[in-house]
Amino acid sequence: MPLRNATPSMVQSRYEWNAGHPLRVWLLVLLLIAVVESGLMLLLPVILPAGTSRRVEAVLDALLLSLTLAPVLWWLLLRPLQQAARLRD
């Protein structure tokens with residue numbers, strides 16, 4: 001459905017779970033970060049060889065966290081903002 005011809009109610013029903021109170025979105029983002037970081041902290045000792053320096057572990061943790069969450073956060077936060085901006089045009 002092209003967004004130029006969509007009414008606000010159509011967009012809201014399509015992305016209803018994104019709509020709502022910002023606190024709900026904020027809590028979802030915090031939950032996602034906590035779950036992904038917990039998973040990485042459990043996975044890193046398994047995939048890294050013994051004796052890996054703390055620096056390498058920290059850099060790899062940050063890199064994997066960023067790579068994992070970037071697409072999810074784009075879809076959850078920025079994509080709805082872009083679509084709302086298109087509706088205003």
Side-chain angles (χ1 to χ4, degrees):
M1 147 178 64
L3 289 176
R4 292 178 190 198
N5 299 329
T7 64
S9 63
M10 292 167 71
V11 173
Q12 184 176 359
S13 64
R14 186 172 177 191
Y15 300 103
E16 188 171 328
W17 68 275
N18 276 337
H21 200 275
L23 180 61
R24 185 172 18 161
V25 175
W26 178 246
L27 290 174
L28 181 58
V29 168
L30 290 178
L31 178 67
L32 282 170
I33 292 170
V35 167
V36 171
E37 180 61 22
S38 297
L40 286 173
M41 293 306 288
L42 293 173
L43 185 66
L44 280 178
V46 174
I47 62 173
L48 290 177
T52 303
S53 75
R54 306 258 307 147
R55 266 189 201 155
V56 170
E57 192 174 325
V59 168
L60 188 60
D61 179 39
L63 180 66
L64 289 174
L65 182 66
S66 299
L67 289 174
T68 304
L69 286 177
V72 175
L73 293 176
W74 178 271
W75 182 71
L76 181 67
L77 300 173
L78 297 176
R79 190 169 163 246
L81 289 175
Q82 285 180 330
Q83 290 169 342
R86 283 188 198 125
L87 277 178
R88 296 182 127 214
D89 291 342

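Because only heavy atoms are used, hydrogens play no part in the values below, and waters and symmetry mates are left out as well, while side chains stay in.
- Counting heavy atoms from C-beta outward, Leu31 and Val35 have side chains that approach closer than 4.5 Å.
- The line from CG of Leu77 to CD of Gln82 is 11.5 Å long, rounded to the nearest 0.5 Å.
- In this structure the side chain of Leu44 reaches within 4.5 angstrom of the side chain of Leu64, judged on heavy atoms.
- Between Trp74 atom CH2 and Leu81 atom CG the span is 9.5 Å, to the nearest 0.5 Å.
- A distance of 11.0 Å separates CG in Leu28 from CG in Leu23, rounded to the nearest 0.5 Å.
- The line from CE of Met41 to CG of Leu65 is 10.5 Å long, rounded to the nearest 0.5 Å.
- Between Leu76 and Val29, some side-chain heavy-atom pair lies under the 4.5 Å cut-off.
- Judged by distance alone, with hydrogens and angles left aside, the side-chain atoms of Ser38 form a donor-acceptor pair with the main-chain N or O of Ala34 at under 3.5 Å.
- How far CD of Glu37 is from CG of Leu69: 9.0 Å, rounded to the nearest 0.5 Å.
- Under the 4.5 Å side-chain contact rule for hydrophobic residues, Leu43 and Leu48 share a cluster.
- Rounding to the nearest 0.5 Å gives a distance of 9.5 Å between CG of Leu73 and OG of Ser66.
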